[in-house]
Amino acid sequence: MGRRGGRKVINFNNSSGELANIVKFLEEVQKKINYLNLNCKVDGNVIKITLFGPRDLQYLASERLRELANQYL
């Protein structure tokens, strides 16, 4: 049996430095990525998101996260 699950860590940088942008980003993540478990950690301008679950859903979530990051960060 192949390993279908696991975790993936993605880091984003809030280049604007605005806290409001981080809040908007995290609110949109909460709305749009509800099919996978994830943890978010904010440290200064760095946002670390860890995805848990099937790899195909991790890939889909990664694409959506990048789109949201481009929009808000």
Side-chain angles (χ1 to χ4, degrees):
M1 252 185 165
R3 186 172 170 210
R4 296 197 39 180
R7 73 178 181 145
K8 178 177 182 148
V9 178
I10 308 171
N11 291 303
F12 296 101
N13 187 40
N14 180 19
S15 54
S16 72
E18 295 291 327
L19 180 60
N21 291 356
I22 293 175
V23 172
K24 287 178 190 173
F25 173 71
L26 294 175
E27 286 174 347
E28 288 300 311
V29 167
Q30 188 175 23
K31 287 180 197 173
K32 298 192 186 257
I33 309 207
N34 53 13
Y35 49 83
L36 196 63
N37 290 328
L38 56 83
N39 288 336
C40 298
K41 181 181 178 184
V42 178
D43 186 11
N45 286 334
V46 177
I47 303 161
K48 177 180 175 180
I49 298 180
T50 307
L51 305 169
F52 301 93
R55 295 214 184 270
D56 54 344
L57 292 179
Q58 287 181 18
Y59 177 77
L60 178 62
S62 297
E63 293 300 312
R64 286 200 174 164
L65 286 169
R66 286 186 183 91
E67 291 170 7
L68 292 171
N70 287 338
Q71 186 175 353
Y72 292 101
L73 306 176

Please check if Tyr35 and Val29 belong to a single hydrophobic cluster, counting links between Ile, Leu, Val, Met, Phe, Trp and Tyr side chain heavy atoms closer than 4.5 Å. yes
Check: Asp43 side chain, Ile47 main-chain N or O, donor-acceptor pair, under 3.5 Å: no
So, Asn21 and Ser16: side-chain donor and acceptor under 3.5 Å apart, yes or no? yes
Any side-chain heavy-atom pair from Ile49 and Asn11 closer than 4.5 angstrom? no
Is the closest side-chain heavy-atom distance between Leu68 and Phe12 below 4.5 Å? no
Quick check for you: to the nearest 0.5 Å, what is the distance between Leu65 atom CG and Cys40 atom SG? 7.5 Å
Is any side-chain heavy atom of Arg64 closer than 4.5 Å to a side-chain heavy atom of Ile33? yes
To the nearest 0.5 Å, what is the distance between CD (Glu67) and OH (Tyr72)? 12.0 Å
Charged N to carboxylate O below 4.0 Å: is that the case for Lys31 and Glu28? yes
Got a second to check how far Glu18's CD is from Lys24's NZ, nearest 0.5 Å? 9.0 Å
Is there a side-chain contact between Lys48 and Val9, using heavy atoms and a 4.5 Å cut-off? yes
Looking at CD1 of Ile22 and CZ of Phe25, how far apart are the two atoms once the value is rounded to the nearest 0.5 Å? 9.5 Å
Check whether any side-chain heavy atom of Asn37 lies under 4.5 Å from a side-chain heavy atom of Thr50, and answer yes or no. no
Shortest non-hydrogen contact between Gly17 and Asn45, atoms and distance: CA-OD1, 3.6 Å
Any side-chain heavy-atom pair of Leu26 and Val42 under 4.5 Å: yes
Kindly indicate whether the side chain of Gln58, heavy atoms from C-beta on, has any atom under 4.5 Å from the side chain of Leu60. no
Within the 4.5 Å heavy-atom criterion, are Leu73 and Ser15 side-chain neighbours or not? no
Could you tell me whether Phe52 atom CZ has more than 12 heavy atoms of other residues or ligands within 6.0 Å of it? yes
